[in-house]
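In what follows, a structure is listed as structure tokens, so that the remarks can point back to it.
Since this is a predicted model, take the numbers as computed values, not measurements. Quick note: numbers below take in every heavy atom, side chains included, and nothing from hydrogens, waters or symmetry partners. Letters go in sequence order (proteins before strands), and every chain restarts at 1.
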Number of protein chains: 2
Amino acid sequence: MAEAPAPQGGSSLLFLTDEQLRKGIEAMFFAYRGFTADPDRILEGREMGRAHHRAIHFIHRSPGTTVSNLMALLGVTKQSLNRVLRALIAAGLVEARVGRRDRRERHLHLTEEGARLERELSDAQRERMRAAYRTAGPVAVAGFRQVLEAMMDDESRRQYEALAGRGG
Amino acid sequence: MAEAPAPQGGSSLLFLTDEQLRKGIEAMFFAYRGFTADPDRILEGREMGRAHHRAIHFIHRSPGTTVSNLMALLGVTKQSLNRVLRALIAAGLVEARVGRRDRRERHLHLTEEGARLERELSDAQRERMRAAYRTAGPVAVAGFRQVLEAMMDDESRRQYEALAGRGG
DNA sequence: CTTGGAATGTCAACAAGGCTGACGTATTGT
DNA sequence: ACAATACGTCAGCCTTGTTGACATTCCAAG
């Protein structure tokens, strides 16, 4: 995508008013609630929470990723991550294999059961996303992604794009 | 599975693939991080966190709102909210006025200093949003909002629209 | 006028999930 | 041989959420 629509001539900048920006901020707040609602519901009772979901998601996404990688991706300390991983491994959802090239590293993989839970979680989340996409239509979806990408920190955008390059 | 929207003409449904949906999910995750980063930074050191920001935002947005209202808006228990409000009142940022019609109610207002902090917080957040909007352009912004609204729970959408009706 | 229920405040106890600091252990690379 | 890396773990702390219980104040309906 090249040129932004040149704001010249009669083109108004009304979409940049404080009012419009505030609406966007509130929309993010309320939408994020919906975004996390389904997985939260599924995990509650299983003694797990959002942190476990995030770990499962990215391990599924990048099988064999290391602990350090995951730390950077999630933006948490190794102690926080370790607590989550310990629970996932104890529950038989994740496997940590010693690295072959560098045996200090642990390569993380979902077990069969971990993959099953991942599927359940992402099905729920995807279903909501699909409904929203369908309602809004392809043009809106393109805009949605553009704005979100522009909103990220540089570091996050780098990570996002690295992931996208892998399987999308 | 219900009906897909009639794939009329040459319109493809490629924007509904699992791949595209996953990208949207990851974009939400990374973008939300950026979304909250600036206010978090400002509040850190001031002995306050995201919860305080949210309360300040909605009190600013709906001056005179009651505790019950705020509870529903934020989706937390009165105990959680009360702890936050107590801190805000102790810090001289928020004032709780006894209701005139119904004296059980507390009507919440920002003090001068509360308004100053609110300004600082929302300036930072708005600035990021403005940059993102400007980068993406008006058409993308419209799509962004459409998708977010479609992603909300019914209850959240109701609240979002009630707010929008008030000042926007 | 009494009384039930609503709106609020508060205490206690607890959990999830962040954080820092410190220390230990393999393992790798110089 | 030694420093640095990757990881695990213990201990302690913070924020922000939860439930349960109880007190107060006050409106509204019987």
- Would you confirm whether A/Arg33, through its side chain, and B/Met152, through its main-chain N or O, come within 3.5 Å as a donor-acceptor pair? no
- Message: How many whole angstroms separate atom CE of A/Met71 from atom P of C/dT20?
- Response: 10 Å
- Rounded off to whole Å, could you give me the CD-to-C1' distance for the B/Glu44 and C/dG18 pair? 13 Å
Sort me out a list of protein N/O and nucleotides 16-18 of chain D N/O pairs below 3.5 Å, or just none if empty.
| unit_1 | atom_1 | unit_2 | atom_2 | d |
| --- | --- | --- | --- | --- |
| D/dT16 | OP1 | B/Arg50 | N | 2.9 |
| D/dT16 | OP1 | B/Ala51 | N | 3.4 |
| D/dT16 | OP2 | B/His52 | ND1 | 3.2 |
| D/dG17 | OP1 | B/Arg54 | NH2 | 2.5 |
| D/dG17 | N7 | B/Arg83 | NH2 | 2.4 |
| D/dG17 | O6 | B/Arg83 | NH1 | 3.4 |
| D/dT18 | OP2 | B/Thr77 | N | 2.7 |
| D/dT18 | OP2 | B/Thr77 | OG1 | 2.9 |
| D/dT18 | OP2 | B/Ser80 | OG | 3.3 |

- Query: Considering only heavy atoms, which members of residues 104-111 of chain A lie under 4.0 Å from some atom of DNA chain D?
  - Reply: A/Arg104, A/Glu105, A/Arg106
- A/Tyr32: partners by ring pair (Phe, Tyr, Trp, His ring centres under 6.0 Å), with sequence neighbours left out: A/Phe35, B/Tyr32
- How many Å lie between CG on A/Leu74 and C1' on C/dG18, as a whole number? 12 Å
- Task: List for me each residue that meets side-chain hydrogen bond (donor to acceptor under 3.5 Å, both in side chains) alongside B/Arg41, sequence neighbours excluded, and say none if there are none.
- Result: B/Asp38
- Residues from residues 95-103 of chain A lying under 4.0 Å of DNA chain C - heavy atoms: A/Arg101, A/Asp102, A/Arg103
- Note on the structure: Rounded to whole Å, the CG-C1' distance (A/Leu85 to D/dG8) equals 11 Å
- Message: A/Ala150: which residues meet the side chain to side chain contact (heavy atoms under 4.5 Å, CB included) condition with it, sequence neighbours left out?
- Response: B/Ala132, B/Thr135
- Message: Tell me every residue that passes side-chain hydrogen bond (donor to acceptor under 3.5 Å, both in side chains) with B/Arg119, counting only those two or more places apart in sequence or in another chain.
- Response: none
- Roughly, in whole Å, what's the span from CG in A/Leu81 to P in C/dA16? 17 Å
- Item | Minimum heavy-atom distance B/Phe30-A/Leu163, with the two atoms named | CE1-CD1, 4.0 Å
- Item | Under the salt bridge (charged side-chain N to carboxylate O under 4.0 Å, His left out) test, residues paired with B/Arg104 that sit two or more places apart | B/Asp102
- B/Arg46 CZ to D/dT15 P, straight-line distance once rounded to whole Å: 15 Å
Without placing hydrogens or testing angles, list every side-chain donor-acceptor pair under 3.5 Å for residues 85-99 of chain B, not counting sequence neighbours.
| unit_1 | atom_1 | unit_2 | atom_2 | d |
| --- | --- | --- | --- | --- |
| B/Arg86 | NE | B/Asn82 | OD1 | 3.4 |
| B/Arg86 | NH2 | B/Asn82 | OD1 | 3.3 |
| B/Arg97 | NH1 | B/His109 | NE2 | 3.4 |

- Task: Apply salt bridge (charged side-chain N to carboxylate O under 4.0 Å, His left out) to B/Glu113 and list each qualifying residue two or more places apart in sequence or on a separate chain.
- Result: none
Report, one line per pair, each donor and acceptor closer than 3.5 Å where one atom sits in a side chain of residues 141-149 of chain B; sequence neighbours left out.
| unit_1 | atom_1 | unit_2 | atom_2 | d |
| --- | --- | --- | --- | --- |
| B/Arg145 | NE | B/Tyr160 | OH | 3.1 |
| B/Arg145 | NH1 | A/Gln20 | OE1 | 3.2 |
| B/Glu149 | OE2 | B/Tyr160 | OH | 3.3 |

Taking only distance into account, with no hydrogens and no angle test, what donor-acceptor pairs under 3.5 Å do side-chain atoms of residues 42-57 of chain A form with protein atoms, sequence neighbours excluded?
| unit_1 | atom_1 | unit_2 | atom_2 | d |
| --- | --- | --- | --- | --- |
| A/Arg50 | NE | A/Asp40 | OD1 | 3.4 |
| A/Arg50 | NE | A/Asp40 | OD2 | 3.3 |
| A/Arg50 | NH2 | A/Thr36 | OG1 | 3.4 |
| A/Arg50 | NH2 | A/Asp40 | OD2 | 2.6 |
| A/His52 | ND1 | A/Gly49 | N | 3.0 |
| A/His57 | NE2 | B/Glu26 | OE2 | 2.9 |

- Note on the structure: Which of D/dT9, C/dG9, D/dC7 is nearest the side chain of A/Asn82? It is D/dT9
